[in-house]
Engineer: 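Sharing a structure with you now.
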Amino acid sequence: MAEPEAADERPFADFAWTAENAEKAKMYIARYPEGRQRSAVMPLLDLAQRQIGAQTQTQGWLPVPVIEYVAAQLDMPYIRAYEVATFYTMYNLEPVGRFHVQVCGTTPCMLRGSDDVMAACKNKGMVKGKTTPDGMFTLTEVECMGNCATAPMVQINDDNYEDLDYDKTVQILDALANGESPKTGTQIEGRHTSEPVGGPTTLKAMVDENHDYRGEW
């Protein structure tokens, strides 16, 4: 099998902060005590990825020259910054599309229908680990993202979409492709976060004047 073509990192060889991001970088570094500035590597890598995203109209990624730039600012070896970037899945080491669709395939989501979510993505032309030819979507299958009570779910860029099925997933993807802003969070009408579908079943009756909580058992 042929090796995938490496991303072109040459356009980022002269990476430098924008004026706004230079101030943000100083702010992040200043949060840490003297001698501990290297602890700012995570927010700086995130900031750099977002700057690349703004420049490329994508979710952003971290070419090697950009990681080197962050490491140099923090006076740390490049490999230490690279270790952080490769450990956390929030950092993209390859170019991604405008929308990075991360489908949770862990057991709770799988039991609740993540296969249907993945099928919706595939039927919109997505392939795991690839970006669609129009540069709109990149599809990744990920491990648990902590929304088991509202499974199945996807994270798209910075937003979570929960309580999905095939049709709801298609509607969200279509809305994003059309430049719209679909509702984030749970997609079940009347549900707000992770409370039981249909409303609470216990502790529905609260309280006398002395704040004596009395639930219905």
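One is the number of the first residue; the rest follow in order along the sequence.
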Engineer: Is Y166 reachable from I188 through a run of I, L, V, M, F, W or Y residues, each pair having side-chain heavy atoms under 4.5 Å apart?
Structural biologist: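 No.
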Engineer: Looking only at non-hydrogen atoms, find the nearest pair between C144 and C104 and report the distance.
Structural biologist: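 Residues C144 and C104, closest heavy atoms: CA-SG, 3.9 Å.
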Engineer: Transitively linked via ILVMFWY side-chain contacts under 4.5 Å: M145 with L111?
Structural biologist: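 The answer is no; the residues belong to distinct hydrophobic clusters.
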Engineer: What is the distance from atom CD of Q55 to atom CZ of F15, rounded to the nearest 0.5 Å?
Structural biologist: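 These two atoms lie 6.5 Å from each other.
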Engineer: Only one of T131, D158, T58, T140 forms a side-chain contact (heavy atoms from CB on, under 4.5 Å) with H100, so which one is it?
Structural biologist: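 Only one option passes, and that is T140.
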Engineer: Once salt bridge (Lys or Arg N to Asp or Glu O under 4.0 Å) is applied, do any residues pair with R80, and if so which ones, sequence neighbours excluded?
Structural biologist: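 With neighbours one apart ignored, the set is E83.
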Engineer: Let me check something: do Y69 and I79 share a hydrophobic cluster, defined by ILVMFWY side-chain heavy atoms less than 4.5 Å apart, either directly or through other members?
Structural biologist: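 Y69 clusters together with I79.
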Engineer: Spell out, yes or no, whether M90 and L93 are grouped together once hydrophobic residues are joined by side-chain heavy atoms under 4.5 Å, including indirect joins.
Structural biologist: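 Both belong to a single hydrophobic cluster.
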Engineer: Answer yes or no: is there a donor N or O on one side and an acceptor on the other, between the side chain of Q51 and the main chain of A16, under 3.5 Å?
Structural biologist: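 Checking the backbone N and O of A16 against the side chain of Q51, a donor-acceptor pair under 3.5 Å is found.
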Engineer: Nearest 0.5 Å, please: how far is OG in S114 from CG in D165?
Structural biologist: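 So the CG of D165 and the OG of S114 are separated by 12.5 Å.
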Engineer: Is it true that V96 and Y91 fall in one hydrophobic cluster, defined by side-chain heavy atoms closer than 4.5 Å?
Structural biologist: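 Different clusters: V96 never reaches Y91 through Ile, Leu, Val, Met, Phe, Trp or Tyr contacts under 4.5 Å.
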Engineer: Could you measure the distance from the CZ atom of R98 to the CG atom of N157? Nearest 0.5 Å is fine.
Structural biologist: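 Nearest 0.5 Å value for the CZ-CG distance: 9.5 Å.
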Engineer: Show the nearest heavy-atom pair for residues C121 and T169, with the distance to one decimal.
Structural biologist: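 Closest approach of C121 to T169: SG-CG2, 4.4 Å.
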Engineer: Could you work out, with ring-ring contact (aromatic ring centres under 6.0 Å, His included) as the rule, every residue matching F12, not counting sequence neighbours?
Structural biologist: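 Listed in chain order: W61.
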Engineer: So does A7 get a backbone contact from the side chain of E9, meaning a donor-acceptor N/O pair under 3.5 Å?
Structural biologist: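 No, because the side chain of E9 does not come within donor-acceptor range (under 3.5 Å) of the backbone of A7.
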Engineer: Between Y82 (side chain) and V64 (backbone), is there a donor-acceptor pair under 3.5 Å?
Structural biologist: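 No; judged by distance alone, with no hydrogens or angles, the pair does not exist.
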Engineer: Can you tell me how far apart NZ (K183) and CD (Q171) are? Round to the nearest 0.5 Å.
Structural biologist: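 Rounded to the nearest 0.5 Å, the NZ-CD separation comes out at 12.5 Å.
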Engineer: Look only at the side chain of D8 and the backbone of R10, and say whether a donor-acceptor pair between them is shorter than 3.5 Å.
Structural biologist: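 Here the side-chain-to-backbone pair exists.
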Engineer: At their closest point, which heavy atom of V70 faces which heavy atom of A48, and how far apart are they?
Structural biologist: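 Closest pair (atom of V70, atom of A48, distance): CG2-CB, 4.2 Å.
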Engineer: Taking the hydrophobic residues Ile, Leu, Val, Met, Phe, Trp and Tyr, and joining any pair whose side-chain heavy atoms are under 4.5 Å apart, which ones share a cluster with M118?
Structural biologist: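 Direct or chained contacts put M118 with F99, V101, V103, V117, M126, M136, F137, L139, V154, I156, Y161, L164, I172, L173, L176.
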